[in-house]
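The structure appears below as C-alpha coordinates.
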Amino acid sequence: TQLLEQSPQFLSIQEGENLTVYCNSSSVFSSLQWYRQEPGEGPVLLVTVVTGGEVKKLKRLTFQFGDARKDSSLHITAAQPGDTGLYLCAGETGTASKLTFGTGTRLQVTL
Amino acid sequence: DVKVTQSSRYLVKRTGEKVFLECVQDMDHENMFWYRQDPGLGLRLIYFSYDVKMKEKGDIPEGYSVSREKKERFSLILESASTNQTSMYLCASSLTGKTQYFGPGTRLLVL
(Lines give C-alpha, C1' and ligand atoms only; values in the text may rest on other atoms or scores of the structure.)
Protein backbone atom coordinates (compact mmCIF):
# COMPACT_ATOMS: atom_id res chain seq x y z
CA THR A 1 0.00 0.00 0.00
CA GLN A 2 1.35 3.41 -0.93
CA LEU A 3 1.53 5.85 1.96
CA LEU A 4 1.31 9.62 1.98
CA GLU A 5 2.46 11.30 5.18
CA GLN A 6 1.36 14.85 5.90
CA SER A 7 2.96 17.24 8.35
CA PRO A 8 2.11 18.85 10.59
CA GLN A 9 -0.95 16.93 11.73
CA PHE A 10 -2.39 20.00 13.51
CA LEU A 11 -1.73 23.68 13.07
CA SER A 12 -3.26 26.55 15.02
CA ILE A 13 -2.21 30.02 13.88
CA GLN A 14 -3.41 33.61 14.00
CA GLU A 15 -4.87 35.54 11.11
CA GLY A 16 -2.18 37.03 8.89
CA GLU A 17 0.47 34.37 9.53
CA ASN A 18 2.00 32.22 6.80
CA LEU A 19 2.16 28.42 6.88
CA THR A 20 3.33 25.43 4.88
CA VAL A 21 1.88 21.92 4.84
CA TYR A 22 3.96 19.02 3.54
CA CYS A 23 2.91 15.81 1.83
CA ASN A 24 5.59 13.12 1.44
CA SER A 25 5.77 9.64 -0.03
CA SER A 26 8.32 7.10 -1.19
CA SER A 27 6.11 6.35 -4.21
CA VAL A 28 5.81 8.18 -7.51
CA PHE A 29 2.37 9.46 -8.47
CA SER A 30 1.04 10.43 -11.88
CA SER A 31 -0.61 13.46 -10.29
CA LEU A 32 -1.08 14.96 -6.85
CA GLN A 33 -4.29 16.60 -5.69
CA TRP A 34 -5.07 18.82 -2.72
CA TYR A 35 -8.50 18.86 -1.09
CA ARG A 36 -10.03 20.90 1.72
CA GLN A 37 -12.74 19.47 3.92
CA GLU A 38 -14.97 21.52 6.20
CA PRO A 39 -16.88 20.05 9.15
CA GLY A 40 -19.89 18.00 8.09
CA GLU A 41 -18.94 18.03 4.41
CA GLY A 42 -16.99 15.90 1.98
CA PRO A 43 -13.57 16.99 0.66
CA VAL A 44 -13.54 19.53 -2.17
CA LEU A 45 -10.75 19.66 -4.74
CA LEU A 46 -8.48 22.72 -4.59
CA VAL A 47 -5.87 21.89 -7.24
CA THR A 48 -4.22 19.13 -9.26
CA VAL A 49 -0.50 19.16 -10.08
CA VAL A 50 0.80 16.85 -12.76
CA THR A 51 4.33 17.78 -13.82
CA GLY A 52 7.39 17.37 -11.60
CA GLY A 53 8.44 20.79 -10.29
CA GLU A 54 5.09 22.35 -11.17
CA VAL A 55 3.90 25.33 -9.12
CA LYS A 56 0.26 26.44 -9.09
CA LYS A 57 -1.23 29.44 -7.35
CA LEU A 58 -4.80 29.83 -6.18
CA LYS A 59 -5.11 33.33 -4.68
CA ARG A 60 -3.14 33.11 -1.40
CA LEU A 61 -2.46 29.36 -1.77
CA THR A 62 0.65 28.09 -3.56
CA PHE A 63 1.01 24.41 -4.43
CA GLN A 64 4.22 22.73 -5.52
CA PHE A 65 4.84 19.22 -6.87
CA GLY A 66 8.29 17.79 -6.18
CA ASP A 67 10.68 17.20 -9.07
CA ALA A 68 10.50 13.42 -8.58
CA ARG A 69 6.68 13.50 -8.23
CA LYS A 70 6.85 11.91 -4.76
CA ASP A 71 6.07 14.92 -2.59
CA SER A 72 4.16 18.19 -2.54
CA SER A 73 3.68 21.27 -0.43
CA LEU A 74 0.91 23.78 0.18
CA HIS A 75 1.86 27.28 1.30
CA ILE A 76 -0.76 29.73 2.54
CA THR A 77 0.13 33.42 2.73
CA ALA A 78 -1.62 35.70 5.23
CA ALA A 79 -4.00 33.03 6.52
CA GLN A 80 -7.62 33.98 7.18
CA PRO A 81 -10.28 32.34 9.38
CA GLY A 82 -11.97 31.11 6.19
CA ASP A 83 -8.92 28.90 5.54
CA THR A 84 -9.81 26.79 8.58
CA GLY A 85 -10.38 23.15 7.68
CA LEU A 86 -8.81 19.77 7.05
CA TYR A 87 -6.32 19.74 4.18
CA LEU A 88 -5.75 16.45 2.41
CA CYS A 89 -3.26 15.56 -0.28
CA ALA A 90 -4.00 12.62 -2.57
CA GLY A 91 -1.81 10.83 -5.10
CA GLU A 92 -3.27 9.32 -8.24
CA THR A 93 -2.07 5.88 -9.25
CA GLY A 94 -3.79 5.77 -12.61
CA THR A 95 -6.11 2.78 -12.11
CA ALA A 96 -9.64 4.16 -12.63
CA SER A 97 -8.24 7.38 -11.18
CA LYS A 98 -7.77 5.68 -7.82
CA LEU A 99 -6.43 8.03 -5.16
CA THR A 100 -4.27 7.38 -2.12
CA PHE A 101 -5.00 10.02 0.51
CA GLY A 102 -2.61 11.54 2.99
CA THR A 103 -3.15 11.54 6.73
CA GLY A 104 -4.48 15.10 6.74
CA THR A 105 -3.54 18.45 8.31
CA ARG A 106 -6.10 20.17 10.46
CA LEU A 107 -5.69 23.95 10.27
CA GLN A 108 -7.31 26.44 12.59
CA VAL A 109 -6.93 30.16 11.94
CA THR A 110 -8.04 32.49 14.71
CA LEU A 111 -8.61 36.25 14.80
CA ASP B 1 -24.34 21.41 -10.71
CA VAL B 2 -22.39 18.35 -9.55
CA LYS B 3 -24.20 16.26 -6.97
CA VAL B 4 -23.31 13.18 -4.93
CA THR B 5 -25.85 12.27 -2.29
CA GLN B 6 -25.65 9.75 0.53
CA SER B 7 -28.75 8.18 2.06
CA SER B 8 -28.09 9.17 5.66
CA ARG B 9 -25.98 11.77 7.45
CA TYR B 10 -26.05 9.87 10.77
CA LEU B 11 -26.72 6.22 11.57
CA VAL B 12 -26.72 4.28 14.82
CA LYS B 13 -26.69 0.48 14.58
CA ARG B 14 -26.12 -2.43 16.90
CA THR B 15 -23.33 -4.99 16.66
CA GLY B 16 -24.27 -7.79 14.27
CA GLU B 17 -26.81 -5.78 12.27
CA LYS B 18 -26.65 -5.63 8.48
CA VAL B 19 -26.07 -2.06 7.35
CA PHE B 20 -26.67 -0.53 3.92
CA LEU B 21 -25.13 2.79 2.91
CA GLU B 22 -26.41 4.20 -0.38
CA CYS B 23 -24.71 6.67 -2.69
CA VAL B 24 -26.21 8.29 -5.79
CA GLN B 25 -24.53 10.56 -8.34
CA ASP B 26 -26.22 12.49 -11.11
CA MET B 27 -23.17 13.18 -13.30
CA ASP B 28 -23.06 9.98 -15.39
CA HIS B 29 -19.63 9.16 -13.91
CA GLU B 30 -18.24 5.69 -14.59
CA ASN B 31 -16.11 5.52 -11.42
CA MET B 32 -17.49 5.39 -7.89
CA PHE B 33 -15.66 4.95 -4.60
CA TRP B 34 -16.31 4.20 -0.94
CA TYR B 35 -13.88 5.50 1.69
CA ARG B 36 -13.84 5.53 5.45
CA GLN B 37 -12.30 8.46 7.31
CA ASP B 38 -10.78 8.16 10.77
CA PRO B 39 -8.79 10.80 12.69
CA GLY B 40 -5.08 10.70 11.90
CA LEU B 41 -5.55 8.10 9.15
CA GLY B 42 -6.96 10.26 6.35
CA LEU B 43 -9.31 8.61 3.87
CA ARG B 44 -8.86 4.89 3.22
CA LEU B 45 -10.36 3.25 0.15
CA ILE B 46 -12.72 0.36 0.88
CA TYR B 47 -14.00 -0.55 -2.61
CA PHE B 48 -14.34 1.11 -5.97
CA SER B 49 -16.23 0.45 -9.17
CA TYR B 50 -15.32 1.50 -12.71
CA ASP B 51 -18.51 0.27 -14.39
CA VAL B 52 -21.92 -1.22 -13.67
CA LYS B 53 -21.61 -4.60 -11.93
CA MET B 54 -17.81 -4.18 -11.74
CA LYS B 55 -16.05 -3.78 -8.42
CA GLU B 56 -12.53 -3.90 -7.08
CA LYS B 57 -11.17 -4.12 -3.57
CA GLY B 58 -9.45 -1.10 -2.15
CA ASP B 59 -7.01 -1.03 0.73
CA ILE B 60 -9.38 -2.13 3.54
CA PRO B 61 -12.20 -4.30 2.10
CA GLU B 62 -12.48 -6.75 5.00
CA GLY B 63 -15.95 -6.75 6.57
CA TYR B 64 -17.51 -4.85 3.65
CA SER B 65 -19.15 -5.64 0.34
CA VAL B 66 -20.54 -3.43 -2.42
CA SER B 67 -23.17 -3.48 -5.12
CA ARG B 68 -23.45 -1.49 -8.33
CA GLU B 69 -26.55 -2.52 -10.29
CA LYS B 70 -27.05 0.89 -11.92
CA LYS B 71 -24.48 3.42 -13.07
CA GLU B 72 -25.67 6.15 -10.75
CA ARG B 73 -25.89 4.08 -7.55
CA PHE B 74 -23.15 2.45 -5.47
CA SER B 75 -24.06 0.71 -2.23
CA LEU B 76 -21.77 -0.24 0.66
CA ILE B 77 -22.88 -3.18 2.80
CA LEU B 78 -21.69 -4.13 6.25
CA GLU B 79 -22.82 -7.75 6.52
CA SER B 80 -22.47 -7.87 10.33
CA ALA B 81 -21.57 -4.52 11.81
CA SER B 82 -18.85 -4.38 14.45
CA THR B 83 -17.78 -1.59 16.79
CA ASN B 84 -14.50 -1.12 14.88
CA GLN B 85 -16.58 -0.08 11.85
CA THR B 86 -17.70 3.06 13.67
CA SER B 87 -16.46 5.78 11.34
CA MET B 88 -17.27 8.45 8.78
CA TYR B 89 -18.07 6.91 5.39
CA LEU B 90 -17.56 8.99 2.25
CA CYS B 91 -18.72 8.20 -1.27
CA ALA B 92 -17.17 9.79 -4.36
CA SER B 93 -17.56 9.61 -8.12
CA SER B 94 -15.44 10.64 -11.08
CA LEU B 95 -14.77 10.38 -14.75
CA THR B 96 -11.48 8.56 -15.40
CA GLY B 97 -8.58 10.98 -15.05
CA LYS B 98 -10.79 13.70 -13.61
CA THR B 99 -11.73 15.17 -10.25
CA GLN B 100 -13.39 13.03 -7.61
CA TYR B 101 -16.59 14.57 -6.26
CA PHE B 102 -17.56 13.64 -2.73
CA GLY B 103 -20.85 13.30 -0.93
CA PRO B 104 -21.38 14.86 2.52
CA GLY B 105 -20.58 11.62 4.36
CA THR B 106 -22.43 9.26 6.68
CA ARG B 107 -21.33 9.15 10.29
CA LEU B 108 -21.95 5.58 11.50
CA LEU B 109 -21.94 4.59 15.15
CA VAL B 110 -22.01 0.86 15.95
CA LEU B 111 -22.95 0.08 19.54
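In what follows, every chain begins at residue 1, and chains take the letters A, B, ... in the order their sequences are listed.
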If two hydrophobic side chains count as joined below 4.5 Å and joins carry through other members, does [X] share a cluster with [Y]?
| X | Y | value |
| --- | --- | --- |
| B:L11 | B:Y64 | yes |
| A:L32 | A:V21 | yes |
| B:L78 | B:I60 | yes |
| A:Y22 | A:V49 | no |
| B:V66 | B:Y89 | yes |

Side chain, backbone, both or neither: which part of [X] has an atom under 4.5 Å from a heavy atom of chain A?
| X | answer |
| --- | --- |
| B:L90 | side chain |
| B:E30 | neither |
| B:R44 | neither |
| B:Y35 | side chain |

| task | Using a cut-off of under 4.5 Å on heavy-atom pairs, state which of B:G40, B:G103, B:G58 scores highest against chain A. | result |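 Most heavy-atom pairs under 4.5 Å with chain A: B:G40.
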Looking at side-chain heavy atoms only, is the closest gap between [X] and [Y] below 4.5 Å?
| X | Y | value |
| --- | --- | --- |
| B:E56 | A:K98 | no |
| B:F33 | A:L99 | no |
| B:Q100 | A:Y35 | yes |

| query | What part of A:Q6 gets closer than 4.5 Å to chain B, counting heavy atoms only: side chain, backbone, both or neither? | reply |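 It is neither, since no heavy atom gets under 4.5 Å.
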| message | Just checking B:R107: does its CZ atom have more than 12 heavy atoms from other residues, nucleotides or ligands closer to it than 6.0 angstrom? | response |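 At most 12 heavy atoms, drawn from other residues, nucleotides or ligands, come within 6.0 Å of this atom.
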| message | If we check side-chain contact (heavy atoms from CB on, under 4.5 Å) with A:F101, which of these qualifies: B:L45, B:D59, B:L43, B:L41? | response |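 Result: among B:L45, B:D59, B:L43, B:L41, B:L43 is the only option passing the side-chain contact (heavy atoms from CB on, under 4.5 Å) with A:F101.
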| query | Within the distance-only criterion (no hydrogens, no angle test), does the side chain of B:R9 pair as donor or acceptor with the backbone N or O of A:G40 below 3.5 angstrom? | reply |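 Yes, the answer is positive, given that a donor and an acceptor are paired below the 3.5 Å cut-off.
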| field | Spacing of A:L46 atom CG and B:T99 atom OG1 [to the nearest 0.5 Å] | value |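 So the CG of A:L46 and the OG1 of B:T99 are separated by 11.0 Å.
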| task | Select, from A:P43, A:G104, A:S31, A:G42, the one with the greatest count of heavy-atom pairs under 4.5 Å involving chain B. | result |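 The answer is A:P43.
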